[in-house]
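Report on the following structure.
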Amino acid sequence: MPRLPAPPGHVPADVPGLHAAVLSWYAEHARDLPWRRPGTDAWGVLVSEVMLQQTPVVRVEPAWRAWTARWPRPADLADADPAEVLRAWDRLGYPRRALRLQACARELVARHAGEVPQTTEELLALPGVGPYTAAAVIAFAHRGRAVVLDTNVRRVLGRVVQGVALPAPSLTRAEHTLAAELLPADPERSVRWNVGVMELGALVCRARAPRCPSCPVLDRCAWTLAGRPPDEHAGRRRTQPWHGTDRQARGRVLAELRATEGTVDGARLRRAATLSASGDPHQPARALASLLSDGLVEEHAPDRFRLPRSGEGYCPA
DNA sequence: AAATCGTGGTC
DNA sequence: TGACCAAGATT
């Protein structure tokens with residue numbers, strides 16, 4: 001994620017033809033995503049990257065169009081009503097991202113003259129911006145050289161170079177080193193490499209059902225050459241539970257509030273948060289309380305709740 | 001550093 | 001059907 005100056009004498013890892021194959025495949029097969037279009041500014045790219053954190057492209061696309069049309073610049077979002085921001089976020093999931101994006105917009109206005117900064121340090125200091133998003137903004141918004149390591153890139157490099165079905169549960173130093181070594185020295189080429197590998201992971205080298213016959217690097221894929229061995233970490237990956245969890249309960253509460261103008265009775269929210277799959281009697285109250293402390297819900301009057309209004313802004317504990 | 005945080009589609 | 005997955009960040 002550092003905006004790596006091309007190291008003097010930088011030599012890409014020795015995977016013959018890999019770059020050329022990916023770049024030419026991308027030139028042919030890239031999706032026409034709205035945030036990739038030439039007119040998109042850095043703010044538009046940043047918005048897309050935050051929306052894309054754990055949310056599939058197909059669901060982000062319409063939300064991004066509406067969002068950027070309504071709040072085209074950071075200053076516009078900074079001035080918006082948080083309740084409207086949460087409604088516009090719709091059901092992208094993880095609604096804290098919406099509040100963080102607004103907090104980010106306010107930071108940009110307050111400390112960056114309303115512009116998206118260009119350094120890793122400044123980007124990482126923004127709410128909701130972590131290592132992936134900072135690198136992605138440098139690469140795709142500023143056309144700079146950065147190590148973009150998302151779940152797609154990790155999977156592609158894991159297979160093609162390391163010969164494993166799926167990467168380890170958490171990012172390793174070795175993966176970062178490998179990605180940095182593979183990054184082309186030329187900035188513009190590095191940008192196309194980054195987006196090309198990501199796109200390859202999304203369209204061909206997919207987690208579930210890889211489309212190997214369509215793969216431009218099939219003949220040099222270490223995983224395929226090894227006979228596509230199964231996932232070493234199979235069974236060790238714990239999938240996140242959903243039914244009966246606080247997250248499901250919180251989701252119910254927010255859905256109720258999103259659909260309602262004005263305030264909602266606490267009893268109604270706790271009823272919405274009552275899950276048949278959960279035997280925990282105080283889960284509804286706990287869900288509501290946690291939403292309050294996250295700033296996603298506001299208590300307007302005793303036991304009367306609503307989506308947050310402009311005023312305090314986003315102030316998590 | 002493991003847990004937490006939504007939502008919906010797929011096989 | 002249910003487990004798995006999706007351009008992660010935060011604490």
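So you know, we letter chains A, B, ... as the sequences are listed, proteins then strands, and number each from 1. Keep in mind that the numbers below use all heavy atoms, side chains included, and drop hydrogens, waters and symmetry copies.
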Q. Using a cut-off of 4.0 Å between protein heavy atoms and nucleotide atoms, how would you tag nucleotides 6-11 of chain B 5' to 3' with B, S and -?
A. BBBBB-

Q | Length of the line joining A:Glu49:CD and C:dG8:C1', which is rounded to integer Å | A | 11 Å

Q. Looking at A:Ala134 and A:Leu124, what are the two nearest heavy atoms and their distance?
A. CB-CD2, 3.8 Å

Q) Considering the options A:Glu261, A:Glu299, A:Glu298, which one meets the side chain to side chain donor-acceptor pair (under 3.5 Å) requirement together with A:Arg306? A) A:Glu298

Q. Using atom P of each nucleotide, how far apart are C:dT11 and B:dG6 to the nearest Å?
A. 14 Å

Q: Using the ring-ring contact (aromatic ring centres under 6.0 Å, His included) rule, collect all pairs that involve residues 180-200 of chain A, keeping only residues at least two apart or in two chains.
A: A:His19-A:Trp193

Q: Can you run down the ring-ring contact (aromatic ring centres under 6.0 Å, His included) pairs that involve residues 219-238 of chain A, sequence neighbours left out, and say none if there aren't any?
A: none

Q. Using atom P of each nucleotide, how far apart are B:dA3 and C:dA7 to the nearest Å?
A. 24 Å

Q. Does anything in residues 45-55 of chain A pair up under side chain to side chain donor-acceptor pair (under 3.5 Å), and if so which pairs, sequence neighbours excluded?
A. A:Glu49-A:Tyr132, A:Gln53-A:Thr133, A:Thr55-A:Arg97

Q. Just checking A:Val153: base, sugar-phosphate only, or nothing, at a heavy-atom cut-off of under 4.0 Å?
A. nothing

Q.
If you count heavy atoms of other groups shown closer than 6.0 angstrom to CZ of A:Arg36, is the number above 12?
A. yes

Q | Candidate nucleotides B:dA3, C:dA6, C:dA9, ranked by approach to the side chain of A:Arg238 - the nearest | A | B:dA3

**Q.** Whole-Å gap separating P (C:dG8) and OH (A:Tyr132)
**A.** 7 Å

Q. Contact class for A:Thr133 (heavy atom, under 4.0 Å): base, sugar-phosphate, or nothing?
A. sugar-phosphate

(Q) Without decimals, in angstroms, what is the distance between A:Leu171 CG and C:dA9 P? (A) 11 Å

Q) Is a salt bridge present between A:Arg271 and A:Glu256, judged by a nitrogen-to-oxygen distance below 4.0 Å? A) no

Q: Find the runs of at least 3 consecutive base pairs, i with j, i+1 with j-1 and so on, that include DNA chain C, using Watson-Crick or G-U wobble geometry with both distances under 3.5 Å.
A: B:2-5 with C:8-11, B:7-11 with C:2-6

Q: Between A:Gly128 and A:Leu52, just flag the one whose closest nucleotide in DNA chain C comes earlier from the 5' side.
A: A:Leu52

Q: Starting at atom CG of A:Asp294, determine the distance to atom P of C:dA9, rounded to an integer number of angstrom.
A: 18 Å

**Q.** 5' priority, DNA chain C, between A:Val57 and A:Leu126 [closest heavy atom]
**A.** A:Val57

Q | Set of salt bridge (charged side-chain N to carboxylate O under 4.0 Å, His left out) partners for A:Glu232, sequence neighbours left out | A | none

Q | Interatomic distance where CG belongs to A:Leu149 and P belongs to C:dA7 [whole Å] | A | 14 Å

Q) In whole angstrom, what separates A:Leu101's CG from C:dT10's P? A) 12 Å

(Q) Just to be sure I understand the geometry, which residues of residues 27-36 of chain A put a non-hydrogen atom under 4.0 Å away from DNA chain C? (A) A:Arg31, A:Leu33, A:Trp35, A:Arg36

**Q.** All pairs passing ring-ring contact (aromatic ring centres under 6.0 Å, His included) where residues 49-101 of chain A contributes a residue, at least two apart
**A.** A:Trp35-A:Trp64, A:Trp67-A:Trp71, A:Trp67-A:Trp89

Q | Residue pairs involving residues 153-164 of chain A (criterion salt bridge (Lys or Arg N to Asp or Glu O under 4.0 Å); sequence neighbours excluded) | A | A:Arg154-A:Glu175

**Q.** Between C:dT1 (P) and A:His243 (NE2): distance, integer Å
**A.** 11 Å

Q: Hey, could you give me each pair passing ring-ring contact (aromatic ring centres under 6.0 Å, His included) that has a residue in residues 237-268 of chain A? Not counting sequence neighbours.
A: none

Q: Calculate the interatomic distance between A:Leu166 atom CG and C:dC5 atom C1'; express it in whole Å.
A: 10 Å

Q) Using a cut-off of less than 4.0 Å, is there contact between a side-chain N or O of A:Thr151 and OP1 or OP2 of C:dC5? A) no

Q: For DNA chain B, determine which residues of residues 37-46 of chain A have any heavy atom closer than 4.0 angstrom to one of its atoms, and list them numerically.
A: none

Q: Check every atom of C:dC5, C:dC4, C:dA7 against the side chain of A:Ala207 and return the nucleotide holding the closest atom.
A: C:dC5

Q | A:Arg31/A:Glu61 salt bridge by N-O under 4.0 Å criterion | A | no

Q: Look up atom NE2 in A:His300 and atom CG in A:Leu307, then write down how far apart they are to the nearest 0.5 Å.
A: 13.0 Å

Q) Between A:Asp303, A:Val297, A:Val253, A:Leu269, which is the residue that forms a side chain to side chain contact (heavy atoms under 4.5 Å, CB included) with A:Val264? A) A:Leu269

Show every donor-acceptor pair shorter than 3.5 Å between a side-chain atom in residues 76-83 of chain A and any protein atom, with sequence neighbours excluded, or say none if there are none.
| from | atom 1 | to | atom 2 | distance (Å) |
| --- | --- | --- | --- | --- |
| A:Asp76 | OD1 | A:Arg73 | NH2 | 3.1 |
| A:Asp76 | OD2 | A:Arg73 | N | 2.9 |
| A:Asp76 | OD2 | A:Arg73 | NE | 3.3 |
| A:Asp81 | OD1 | A:Ala83 | N | 3.0 |

